[in-house]
Protein chains: 2
Amino acid sequence: MKFSASKENHLKAIFHLQHEQGIVTTNALAAALQTRPASVTDMLKKLKEQKLLIYQRYKGFRLNNEGKKAAIQVIRKHRLWEFFLVKKLQFGWDEVHEIAEELEHISSKKLVDRLDAFLGFPDTDPHGDPIPDSQGRFLQRRQISLSELPLNKVVQVSAIASQTTEMLELLQHKNIRLGTRLEVRKKFPFDNSLEVKIRNRPPVMLSAQVAKNVLVKDDE
Amino acid sequence: MKFSASKENHLKAIFHLQHEQGIVTTNALAAALQTRPASVTDMLKKLKEQKLLIYQRYKGFRLNNEGKKAAIQVIRKHRLWEFFLVKKLQFGWDEVHEIAEELEHISSKKLVDRLDAFLGFPDTDPHGDPIPDSQGRFLQRRQISLSELPLNKVVQVSAIASQTTEMLELLQHKNIRLGTRLEVRKKFPFDNSLEVKIRNRPPVMLSAQVAKNVLVKDDE
DNA sequence: TTTTAATTTTAGATTTGTCTAAATTTTATT
DNA sequence: AATAAAATTTAGACAAATCTAAAATTAAAA
Ligand SMILES: [Mn+2]
Ligand SMILES: [Mn+2]
Ligand SMILES: [Mn+2]
Ligand SMILES: [Mn+2]
């Protein structure tokens, strides 16, 4: 019921990867965790031993129910701490990830639930990602990438898919944040870049890479 | 400049012990950390290697300036988190120690300073212990043990020396907390127990062991 | 001042998590 | 189908932190 920081990091990363891909591979996990494939294999054996995932060597792996439950608790902690850092301690949304990466391993369940209450049971973190509740229930969102959005439809930024410091810094600079209302005015097939319009502001250009990682939902 | 959780625990424990005893012994530290003397010796070598303490084998040890500075930062983190837990998350003062024991190892200096500001730069933790400021400066308090207090002098509880769960639970039960105003009405030389009077309440008895660990300062 | 007891350190293991280099298995390409 | 390439696992090593049992040192008692 209680796992090391490293195990929690693995569980969380597997959870995210299998959400996108169903089955997870050793190399993908190693890349996500900035570690070596051999180290991943070592850890997989331990997690399998503890019955947290389904795994046959050379065949890929995925979390079972126990593993998912554990991963969701880590995600809950991570996102609540991020919310705390931004809303209570005035951190920028691009500064909180590293710190939350440490705070998420504090083990007290009571602490997390009290923190949740103190924050007013928020349902999304500063990057627009949903915060699981105490029982691990998720609000799953329907949102699309800005690059798939039809022209001239006003939407609201709801999440950022790639949360690297570089990406967040770029959006910060262009003054795009969660909740920003915008529409796509023009698409340039040459490089798939977009011209985006925000009310009361001059149009801004976004590259294809950036647009792909900006998730939006219907306005209101 | 950044230390493992275990090193931080050692530094902090040495700091506390040398405050009382000047020089610290292997056995004393092992007892304080609930570990084995051999493990302490192992760690001492590493801390000496990193020039955090003065140590010659068989002769005892004490922190040098670097070591003290490091220890004080850990103490600062510990006490700020305890304050946060009690004042913002409604924990009881007897429930926060274990959790703070984990939180104190989160490394971000910026986090600690922001937390400090968020809490309004408190100068004592929930147990009455002073919180070092960002530069490591301490407010040192002049306070005495309840067992040394003359009769009929009204004082205020300012700190609890022994912070075991058992001790804190006992005080909780007798409704004695930080800031409680009281005076000693009678001392019983037979077992050194005391009768203590708190305004608007019937007198309560405190054993010698308890009285020794209740620290008080002049009222107002 | 011997002898005994207590304290402290060393020697050697163990656990957890990581790594590199080599071997194995799977997948893709001729 | 044979071969090459990529992915994955194993073998063996290492660092950090801990432990037990034995040896060394210091302190206390006879
Ligand atoms: Mn983490
Ligand atoms: Mn986030
Ligand atoms: Mn600690
Ligand atoms: Mn305290």
Side-chain angles (χ1 to χ4, degrees), chain A residues 1-14 17-18 20-63 67 70-71 74 101-102 104-107, chain B residues 1-14 17-18 20-63 67 70-71 74 101-102 104-107:
Chain A
M1 217 93 251
K2 201 159 129 212
F3 309 103
S4 70
S6 180
K7 277 182 187 154
E8 288 193 338
N9 286 338
H10 280 77
L11 291 171
K12 187 169 61 124
I14 297 168
L17 290 171
Q18 80 182 21
E20 294 158 15
Q21 318 206 353
I23 201 104
V24 186
T25 67
T26 302
N27 271 359
L29 183 54
L33 289 171
Q34 313 227 73
T35 182
R36 296 308 187 147
S39 309
V40 166
T41 303
D42 290 341
M43 187 56 86
L44 287 176
K45 288 181 195 161
K46 295 172 198 162
L47 294 175
K48 183 183 183 182
E49 181 68 28
Q50 278 172 83
K51 299 200 209 302
L52 294 164
L53 45 73
I54 294 117
Y55 166 53
Q56 296 182 91
R57 74 197 203 302
Y58 292 106
K59 298 295 189 183
F61 46 91
R62 65 176 194 282
L63 298 178
V74 182
E101 204 55 50
E102 285 185 56
E104 72 189 356
H105 305 296
I106 304 293
S107 58
Chain B
M1 216 97 247
K2 202 161 125 208
F3 310 103
S4 69
S6 179
K7 276 181 186 153
E8 289 192 336
N9 285 338
H10 281 77
L11 291 170
K12 188 169 59 124
I14 297 168
L17 288 170
Q18 80 183 19
E20 294 157 14
Q21 319 207 354
I23 201 101
V24 185
T25 66
T26 303
N27 271 358
L29 183 53
L33 290 171
Q34 313 228 72
T35 183
R36 295 308 186 146
S39 309
V40 166
T41 303
D42 290 341
M43 187 57 84
L44 287 176
K45 288 183 194 157
K46 295 173 198 164
L47 294 175
K48 183 183 183 182
E49 182 69 27
Q50 278 171 81
K51 301 203 208 300
L52 294 164
L53 46 73
I54 294 120
Y55 165 53
Q56 295 182 90
R57 70 197 205 302
Y58 291 106
K59 298 295 188 184
F61 46 91
R62 65 176 193 283
L63 298 179
V74 182
E101 203 55 51
E102 286 184 55
E104 71 189 355
H105 305 296
I106 304 293
S107 57

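Lettering follows sequence order; numbering is per chain, from 1.
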Beyond-backbone contact of B/Leu63 with B/Val24, side-chain heavy atoms, under 4.5 angstrom: no
Side chains of A/His10 and A/Leu44 in contact at under 4.5 Å (non-hydrogen atoms): no
Protein-nucleotide distance (A/Lys45, atom NZ; C/dT16, atom C1'), rounded to Å: 14 Å
Minimum-distance nucleotide (side-chain atoms of B/His10 versus D/dT20, D/dT18, D/dT25): D/dT18
Nucleotide D/dC19, atom C1' - distance to CD of B/Gln34 in whole Å: 15 Å
Gap between atoms CG and C1', on B/Asn27 and C/dT9 respectively (whole Å): 11 Å
Sugar-phosphate only, base, or nothing, as touched by B/Thr41 at under 4.0 Å among non-hydrogen atoms: base
Interatomic spacing from NZ in A/Lys46 to CG in A/Leu52 - rounded to 0.5 Å: 13.0 Å
Sugar-phosphate only, base, or nothing, as touched by A/Ser6 at under 4.0 Å among non-hydrogen atoms: sugar-phosphate
Sugar-phosphate, base or nothing in reach of A/Thr26, heavy atoms under 4.0 Å: sugar-phosphate
Pairwise distance CD1(B/Ile23) to CZ(B/Phe61) - rounded to 0.5 angstrom: 8.5 Å
Candidates C/dT20, C/dT9, D/dT9 - which lies nearest the side chain of A/Arg36: C/dT20
Any donor-acceptor pair under 3.5 Å from B/Lys48 side chain to B/Tyr55 backbone: yes
Toward the 5' end of DNA chain C, by each residue's nearest nucleotide, A/Ser39 or A/Arg57: A/Ser39
No-H, no-angle donor-acceptor pair, B/Tyr58 side chain to C/dT7 base, under 3.5 Å: no
Rounded interatomic separation in angstrom, taking CG from A/Leu44 and P from C/dT18: 12 Å
Between P of D/dT20 and CG of B/Asp42, the distance in whole Å: 12 Å
Sugar-phosphate only, base, or nothing, as touched by B/Phe61 at under 4.0 Å among non-hydrogen atoms: nothing
Interatomic distance where CG belongs to A/Asn9 and C1' belongs to C/dG17 [whole Å]: 12 Å
Listed nucleotide nearest any side-chain atom of A/Lys46, set D/dT26, D/dT9, C/dT18: C/dT18
B/Thr35 side chain, from C-beta outward: closest of D/dT18, C/dT8, C/dT24: D/dT18
Rounded interatomic separation in angstrom, taking CE from B/Met43 and C1' from C/dT9: 16 Å
Separation of atom OH in B/Tyr55 from atom P in C/dT10, rounded to whole Å: 6 Å
